[in-house]
Protein chains: 2
Amino acid sequence: MRSRPARGTGPGAGAGALDRDRIVAALLRLLDADGVDRFSMRRLAADLNVTPMSLYWYVDNKDDLLELALDAVAGEIELPDPAAGHDWRDDLRLLATAWRRVMVAHPWALRCYGEYLNIGPQSVRFARCARAVIARSPLPPTRWSTALSAVFQYVYGFTVMESRWIEGGRAIGRTADEFFSEVADSVTGVPGVEAAGGLLEQRGGLTLAQIRDQDFHRTLDWLIAGMTAAPS
Amino acid sequence: MRSRPARGTGPGAGAGALDRDRIVAALLRLLDADGVDRFSMRRLAADLNVTPMSLYWYVDNKDDLLELALDAVAGEIELPDPAAGHDWRDDLRLLATAWRRVMVAHPWALRCYGEYLNIGPQSVRFARCARAVIARSPLPPTRWSTALSAVFQYVYGFTVMESRWIEGGRAIGRTADEFFSEVADSVTGVPGVEAAGGLLEQRGGLTLAQIRDQDFHRTLDWLIAGMTAAPS
DNA sequence: ACCTGAACACCGTTCAAGT
DNA sequence: ACCTGAACACCGTTCAAGT
């Protein structure tokens with residue numbers, strides 16, 4: 001994955017010198033500002049006042065760079081304090097919520113998440129924490145990976161869809177909720193996406209963002225209840 | 001979305017003439033053969049023995065074309081027979097399994113699914129069926145969309161990850177299981193992706209594909225149990 | 001060790017023009 | 001109504017060369 005051993009960031013490095021950290025910093029700034037679609041090697045190089053090809057000394061290719069960026073945002077995810085003595089279910093919900101929050105803040109990362117392996121140090125840190133949480137559950141060890149996959153595959157799917165409304169709305173200058181309503185109204189009789197007006201009334205005057213939050217937490221509760229209920 | 005009204009496929013159309021159906025057929029063939037990454041307007045045009053720009057008479061842009069392709073594969077998903085009188089839970093499991101099967105068969109479609117709205121006629125057909133199934137559950141109507149979202153967001157997340165192993169393995173000439181094992185062995189102490197050998201032994205000599213199937217169905221059971229158990 | 005220049009083989013899309 | 005040619009403004013990456 002990494003093409004070169006990380007050179008020591010010793011005192012020799014001048015201020016304007018290119019190095020991995022400066023590259024990743026610029027990378028994250030560009031991705032947050034413009035998204036993955038508008039990101040390119042050439043733009044990143046321009047942003048660093050450097051020739052496109054100089055990047056290839058630090059990195060094998062574009063995918064490599066995106067994997068670095070993805071692991072960097074994984075580092076932003078807040079982990080629950082294991083010493084706080086919370087119920088394992090609460091810590092699992094905290095992990096899911098923190099993951100969702102970071103990915104909604106960096107939609108480009110969510111789009112990369114499905115493409116790469118995600119085995120960088122920050123991703124491992126997150127996974128290790130998740131494992132420690134599930135290990136405090138009453139589930140037998142044979143179910144640990146099943147349970148974690150269930151929760152985070154759901155969280156991933158949920159967040160991809162949520163992000164699609166937010167980004168789609170932003171693209172046409174609407175909020176996620178306005179965009180959702182417009183699309184929903186254009187498709188009548190579709191389950192799960194049925195007439196937005198009816199859906200809003202059913203849910204008692206909540207905003208769509210509040211409904212999304214409710215659904216997210218309710219489904220987590222369903223999963224946790226399901227996995228702890230039956231011996232199966 | 002569609003740039004032009006669909007012209008009648010009347011008897012006037014010659015054999016070699018370009019039309020929407022011929023375009024979509026070639027599109028699906030190319031996507032299945034080479035994937036989204038290698039697909040381009042120019043390759044599609046070449047495949048149809050036509051100039052790239054002629055495609056733009058039938059379609060607004062590349063995204064338009066991919067939305068058409070995505071809806072076309074949605075038409076391949078087998079729906080349960082509503083008259084068969086199955087338990088609603090079994091029909092929901094059938095829907096989830098059929099969705100997964102079609103998406104694994106067309107990995108490019110899975111990658112597009114997160115990007116587009118998916119409100120074409122075939123997607124609507126699928127959604128309408130899902131709604132009919134959940135309507136037979138004991139859940140109150142206010143929970144229908146929550147329940148369907150929960151299931152299909154999970155199924156989406158599961159299938160994206162499954163597809164990543166299959167595609168990643170194929171790219172380096174390995175099976176999904178070999179690829180998974182190699183990656184797992186390269187990352188020690190990671191929960192959910194921990195040492196493949198240990199995981200396989202724990203699960204009693206099953207192949208990874210069998211373990212994936214087990215996990216998929218078990219999680220569906222957890223979700224269904226969770227949503228039907230508590231009044232919440 | 002680190003960076004550049006020129007080049008290769010591509011992209012999606014616009015626009016004016018042909019038939 | 002349907003299709004083309006030429007052009008614009010891009011891509012990622014290789015390779016040989018500079019310092």
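Hydrogens, waters and symmetry mates are skipped; everything else that's a heavy atom, side chains included, is used. Proteins come first, then strands; the chains are lettered A, B, ... in the order of their sequence lines, and each starts at number 1.
With C1' as the reference atom, D:dC3 and C:dA16 are 13 Å apart, rounded to whole Å. D:dA9 and C:dC10 are spaced 13 Å apart, taking the C1' atom of each and rounding to whole Å.
We find that CH2 of A:Trp57 is positioned 8 Å from P of C:dC3, with the value rounded to whole Å. A:Tyr56 has its OH atom 14 Å from the C1' atom of C:dT4, to the nearest Å. Between the CZ atom of A:Arg42 and the P atom of C:dA9 there is a distance of 15 Å, rounded to whole Å. The CG-C1' distance, from B:Asp63 to C:dC11, rounds to 14 Å in whole Å. In this structure, A:Leu18 places its CG atom 10 Å from P of C:dC2, rounding to the nearest Å. The interatomic distance linking A:Arg20 (CZ) with C:dC2 (C1') rounds to 15 Å, in whole Å.
A salt bridge does not link B:Glu115 to A:Arg164: none of the charged side-chain nitrogens sits closer than 4.0 Å to a carboxylate oxygen.
Between B:Tyr58 and D:dC3, a side-chain N or O to OP1/OP2 separation shorter than 4.0 Å is present.
No cation-pi contact links A:Arg100 to A:Phe158, judged by a cut-off of 6.0 Å to the six-membered ring centre and 45° from its axis.
Judged by distance alone, the side chain of A:Ser149 and the main-chain N or O of A:Thr146 form no donor-acceptor pair under 3.5 Å.
Closest to the A:Val50 side chain, of the nucleotides D:dG12, C:dT4, C:dG12, is C:dT4. Nearest nucleotide to the side chain of B:Thr51, out of D:dT4, C:dC2, C:dC11: D:dT4.
In this structure, A:Arg38 reaches neither bases nor backbone, as no heavy-atom distance under 4.0 Å exists between it and the strands shown. B:Met53 comes within 4.0 angstrom of a nucleotide base, judged by non-hydrogen atoms across all strands. Note on A:Ser54: a base of the nucleic acid sits closer than 4.0 angstrom, heavy atoms only.
Pair assignment for D:dC15: C:dG5, on the basis of Watson-Crick or G-U wobble contacts that are both within less than 3.5 Å.
Test B:Leu110, B:Val104, B:Leu94 against B:Trp99 for side chain to side chain contact (heavy atoms under 4.5 Å, CB included) and you get one pass: B:Leu110.
Looking at A:Ile166 and A:Thr175, their side chains never come closer than 4.5 Å, going by heavy atoms from C-beta outward.
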